[in-house]
Amino acid sequence: MRKTVLLCLHGLLALTAALAQQPRRTPEQDSLMARMQRKTAADHRQMLNQLGIQSLRSGPSGNPSAPNAANRDEAKVPPYTLPDPLVLKNGKKVKSAKDWVATKRPELVEDFEREVYGRLPAVIPNVNWQVVSVKDTVVGNQPIKEKTLRGVVDNSAYPSISVNMELVLATPKTASGPVPVVMEFGFIRSPFGNYAPVQPIGLGSAGEPTWKEQLISRGWGYAILVPSSIQADNGAGLTEGIIGLCNKGQFRKPDDWGALRAWAWGASRAVDYFETDKNVDTKRIAIEGLSRYGKATAVAMAFEPRFSLAFIGSSGAGGAKILRRIFGEQVENLAGSGEYHWFCGNFLKYAGPLTPQDMPVDGHSLVALSAPRPVFISSGSPQVEGQWVDAKGMFLAGVHAGPVYKLFGKKDLGTSEFPRIGTPLIDGEIAFRQHAGGHSTGPNWSTWIAWACRYWGDCKYFE
Ligand code: GCU
């Protein structure tokens with residue numbers, strides 16, 4: 001109890017300190033924010049109207065001391081039944097990897113596209129990648145070549161919306177040929193403007209080399225793709241960005257793509273660019289992200305076969321976590337006006353007339369879509385990160401994707417027992433580790449790299 005109070009206090013102090021570094025919002029910014037919230041609420045409402053839904057159930061609170069706090073007690077998780085990722089809709093069991101690819105995978109893709117993440121539009125304009133700058137610089141004490149790129153989407157069909165994807169690629173200066181690259185969904189500049197020198201998400205904890213240094217010192221490269229340059233992270237933006245451009249500024253239909261699918265689409269376009277860059281080994285590209293970007297990572301990995309590995313950081317609900325589990329964040333939260341834009345409109349039904357038990361898929365089915373390619377599911381410690389992300393729910397998404405990986409002759413997690421904090425379950429193509437830190441991928445980078453080396457080899461400095 002005392003510890004929880006101290007941790008909350010610590011969190012509060014950190015938040016106050018961060019806010020103190022922010023300039024006060026100007027009246028213009030306030031009114032912009034209010035306009036955005038109104039636009040989001042209107043978009044959310046119109047989608048409910050399209051679906052014929054009057055109202056949605058509201059989700060539990062993320063505040064542990066609120067009366068409607070989300071469940072954090074394992075003993076109170078009601079039983080649930082998951083859809084079997086090896087059984088077809090006609091009831092037949094799939095017996096081989098080849099049949100799974102031919103029959104079950106398309107069923108899962110259709111279910112995810114129609115009910116959860118949305119479909120790609122039939123026509124998406126081309127992206128023209130431009131090199132904005134190339135410079136020699138350093139990360140830590142490692143010399144790198146850093147390229148800043150802009151992915152300009154052809155908007156000739158609807159010129160009032162422009163989409164310019166922001167991407168940075170860094171490779172070791174000393175590399176003599178193409179190198180493996182880990183691409184992060186993240187920030188190139190501080191999301192707080194020039195005011196707060198925030199630790200970008202995914203950095204190692206104090207005293208550890210950053211993820212960038214760790215990759216570069218292995219002889220690998222990294223890239224950062226900025227999701228908000230593809231699609232805004234709010235409902236108001238759904239008539240803009242790549243979704244709005246394809247819809248010519250109109251509202252979405254219930255099975256049109258949401259932001260997660262749009263971000264994942266952008267990641268695929270970045271891979272298109274990498275295929276033209278002689279510094280990148282296109283057989284060894286990984287995707288990584290945290291939290292909502294962890295969800296985007298799981299989606300990108302599922303839909304883009306050119307990603308060879310994934311590092312899915314604290315993705316929580318809507319990512320690699322069992323949604324039927326009543327623990328931490330729930331479908332009702334995701335369907336609210338603050339988060340529904342990540343998904344397609346049809347997803348809202350599961351917080352209205354339907355429940356998560358009615359979903360044809362769950363978090364394990366999403367992980368299964370990546371099979372047989374290796375995925376690493378990462379989380380922090382509940383004591384530090386909190387229970388909202390549901391570390392065990394993420395572990396179970398990995399466990400229940402196991403039979404699909406095994407069908408491919410790959411190794412699953414090797415256990416269905418939730419491991420102690422810090423235990424690396426990294427012997428197989430589904431990996432899991434709960435590090436001792438907070439809401440970050442930072443402390444898991446060295447474990448991820450050790451695991452990735454098994455697939456990518458060429459860890460010059462590692463063996
Ligand atoms: C909220 C949200 C999560 C999300 C997280 C984040 O906590 O409920 O679903 O992952 O924000 O992206 O930071």
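Just follow the structure's listing: the first ligand is 1, and inside any ligand the first atom is 1. Predicted model, so just to flag it, every value in this text is computed and none were measured.
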Self-check item: Check: Tyr117 ring centroid to Trp257 ring centroid under 6.0 Å
Solution: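 When the ring centroids of Tyr117 and Trp257 are compared, they turn out to be at least 6.0 Å apart.
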What's the shortest distance from [atom] to any protein heavy atom, and which residue and atom give it?
atom                    : answer
atom 7 (O) of ligand 1  : Trp388 NE1, 3.3 Å
atom 3 (C) of ligand 1  : Glu329 OE1, 3.2 Å
atom 12 (O) of ligand 1 : Arg292 NE, 2.6 Å

Quick one: do [X] and [Y] make a salt bridge, cutoff under 4.0 Å?
X      : Y      : value
Asp427 : Lys411 : no
Glu339 : Arg292 : no
Arg150 : Glu166 : no

Exercise. Tell me yes or no: between the side chains of Tyr293 and Glu184, is some donor less than 3.5 Å from an acceptor?
Key: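 Side chains of Tyr293 and Glu184: no pair found under 3.5 Å.
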Quiz item: Do His435 and Ser379 have a side chain donor and acceptor closer than 3.5 Å?
Solution: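 The answer is no; no qualifying pair exists.
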Please indicate whether any nitrogen or oxygen in [X] is less than 3.5 Å from any nitrogen or oxygen in ligand 1.
X      : result
Lys295 : yes
Glu339 : yes
Trp342 : no

Quiz item: Counting heavy atoms only, which of Ser314, Gly59, Ser291, Gly289 is nearest atom 5 (C) of ligand 1?
Solution: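 It is Ser291 whose heavy atom sits nearest to atom 5 (C) of ligand 1.
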Quiz item: Using a heavy-atom cut-off of under 4.0 Å, does the side chain or the backbone of Tyr293 touch ligand 1, or both, or neither?
Solution: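 It is neither part, as no heavy atom is under 4.0 Å.
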